[in-house]
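Notes follow the structure.
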Amino acid sequence: MRYLTVDLFEDFQCIAGACPNSCCIGWKIPVEKNIFKEMQRHEEELGISAAGWLKKEDGEYYSVILDGQRCPMLTRENLCQVVLRLGPEYLSRTCSLFPRSFNQYGGVVERYLSASCPEVISMLMDKDVIEFSVSEDLEPEPEYAHMQLYQFESAVRAGLVSMLQEFPQIALNARLFASFMILQKAVGMYQEHRLDIPAIQLEIAACLDERNLYALEEKLNGSVDENARFRLLSQLPALANEFALTGRFEGQVQRAVRYFAEVDRARYLSDVEAFKKSCCLPYHAFYSNYWVYRIFADTLSIPDYEKSKEKMIYIGMKFAMFQSIALAGFAEHGRLDRTEYLSIISSLSRETENNAYFRHLLAARIRDNHLVSAAGLLLLIVT
Ligand code: SF4
């Protein structure tokens, strides 16, 4: 079997009690039957009966009965009592694996980490560039019906990653716009049943031309419409606010809703400028890393390749959403500290991973184009 692994995967360490947005709060946590039995065996050490904190679900599974939003095994210092009293080998599969994620396409397993974990976002903030490695073991490679499509998609993804990583001097919006054009060409070829890797690589090479990218950047710079950007940004926190959000994120979203309802145009324009200079600039490398990471983890769409375009727009919508919420936080205090930013980005990721209705509604709004066109969206995100 081959493994394609993002470098964060190997380096990840949970920061437990120091985590600003613990995964043990606000999430449904599944637990296997054998772990339930172990918890019954160790009721004395844990000081609680297993049935007092685990309830039976369908099939072989149990789930944690949250205390408010918190896992009852979480101490006040946000440490896990199962780990402290029994050891990490007693954790359920979800608890021991999170935020590690795996996707298997035939003989290739892609390994990455969920962006719902703030430590993953923090690692993306600290890295200059994300890297990927390929390794192999002796496990046999299973047959797979969509291998040709996987290889085609991988070649396209590699092109998108090159676009984002090789030209950090070009504005992110222009690189994203060019990436979307590559994706559009690839989807066109797929619709013509032409999964021709050398042909798409030629198309990608033509897009990866620095002079063309500078020309595109200049053209796009002149097309940003601040009124349209305001309309987009103000709709996004209101959209997030339609859902039952949890904990600190609820307050962050409501602050953004208030901000966009009350701010006048002059104040908004000066806030956006200040936000770009003092907040976005230091996160320049992070934004490229974030997009590379999301494209790696989220855009593959087998066997419905058309959906990869929708997925890229979805990433753009979430990016614009967390920037609109961050802008309101910045405007309130005249700065945005890193912990607050980590909390906003990871919380949005968690809400969309956790809440299928939120995810589907956002995707439906994009599909119906109620918000903005794909090209417009990529232009209007604040970076
Ligand atoms: S969210 Fe990440 S860093 Fe925080 S407790 Fe969970 S795994 Fe650890």
Side-chain angles (χ1 to χ4, degrees), residues 5-32 35 39 46 53-54 62-103 110-127 130 240 245-253 283 286 289-290 293-294 296-298 318 321-322 325-326 329 337-355 358-359:
T5 311
V6 69
D7 54 5
L8 310 180
F9 189 92
E10 310 286 2
D11 304 339
F12 179 78
Q13 291 263 330
C14 169
I15 53 171
C19 178
N21 193 9
S22 170
C23 53
C24 312
I25 302 173
W27 254 359
K28 182 169 178 174
I29 306 167
V31 171
E32 297 80 6
I35 296 289
M39 297 303 113
L46 292 171
W53 69 286
L54 295 169
Y62 288 74
S63 70
V64 174
I65 303 165
L66 297 180
D67 179 4
Q69 292 288 325
R70 295 170 67 86
C71 171
M73 285 298 114
L74 205 57
T75 66
R76 266 199 302 202
E77 296 74 32
N78 279 359
L79 296 172
C80 173
Q81 298 196 62
V82 173
V83 174
L84 293 176
R85 297 182 186 197
L86 304 179
E89 63 277 24
Y90 288 87
L91 289 174
S92 70
R93 188 175 153 77
T94 299
C95 294
S96 59
L97 282 184
F98 185 82
R100 293 166 193 83
S101 302
F102 306 85
N103 268 330
E110 298 198 347
R111 302 193 291 192
Y112 58 99
L113 300 164
S114 163
S116 302
C117 165
E119 182 58 10
V120 174
I121 302 293
S122 178
M123 290 165 85
L124 290 172
M125 286 180 175
D126 289 339
K127 274 198 167 289
I130 302 178
L245 303 172
T246 48
R248 188 170 165 187
F249 191 52
E250 186 182 13
Q252 289 160 334
V253 168
Y283 289 109
F286 162 64
N289 284 344
Y290 177 87
Y293 191 72
R294 299 254 65 146
F296 173 73
D298 294 349
K318 287 209 307 188
M321 192 178 265
F322 75 63
I325 298 165
D337 71 39
R338 180 174 155 127
T339 313
E340 178 81 353
Y341 208 12
L342 285 174
S343 161
I344 292 170
I345 300 170
S346 60
S347 296
L348 177 60
S349 201
R350 194 169 295 182
E351 292 291 344
T352 45
E353 262 179 43
N354 222 0
N355 188 334
F358 187 175
R359 209 167 49 238

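Order of listing sets the numbers, starting from 1, for every ligand and every atom in it.
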Any atoms of ligand 1 less than 4.0 Å from a non-hydrogen atom of P118? List them with their elements. 1 (S)
Side chain, backbone, both or neither: which part of R350 has a heavy atom under 4.0 Å from ligand 1? side chain
Can you establish whether the number of heavy atoms outside R338 located under 6.0 Å from its atom CZ is more than 12? yes
Please work out which of S114, C19, C14 has its closest non-hydrogen atom nearest to atom 4 (Fe) of ligand 1. C19
Got a sec: is C23 within less than 2.8 Å of atom 6 (Fe) of ligand 1 via an N/O/S atom? yes
What part of N21, side chain, backbone, both or neither, has a heavy atom within less than 4.0 angstrom of ligand 1? backbone
Return the OG to CZ distance between S92 and F98, rounded to the nearest 0.5 Å. 12.0 Å
Please tabulate, for the side chains in residues 7-17, all donor-acceptor contacts under 3.5 angstrom to protein atoms that are two or more places apart in sequence or on a different chain.
residue: D7; atom: OD2; partner: K127; partner atom: NZ; Å: 3.3
residue: D7; atom: OD2; partner: E131; partner atom: N; Å: 2.9

Just verifying a value: how many Å separate L84 CG and T75 OG1, rounded to the nearest 0.5 Å? 6.5 Å
N21 CG to S347 OG distance, which is reported to the nearest 0.5 Å: 4.0 Å
Give the residue and atom name of whichever protein heavy atom lies nearest to atom 2 (Fe) of ligand 1, and the separation in Å to one decimal. C117 SG, 2.4 Å
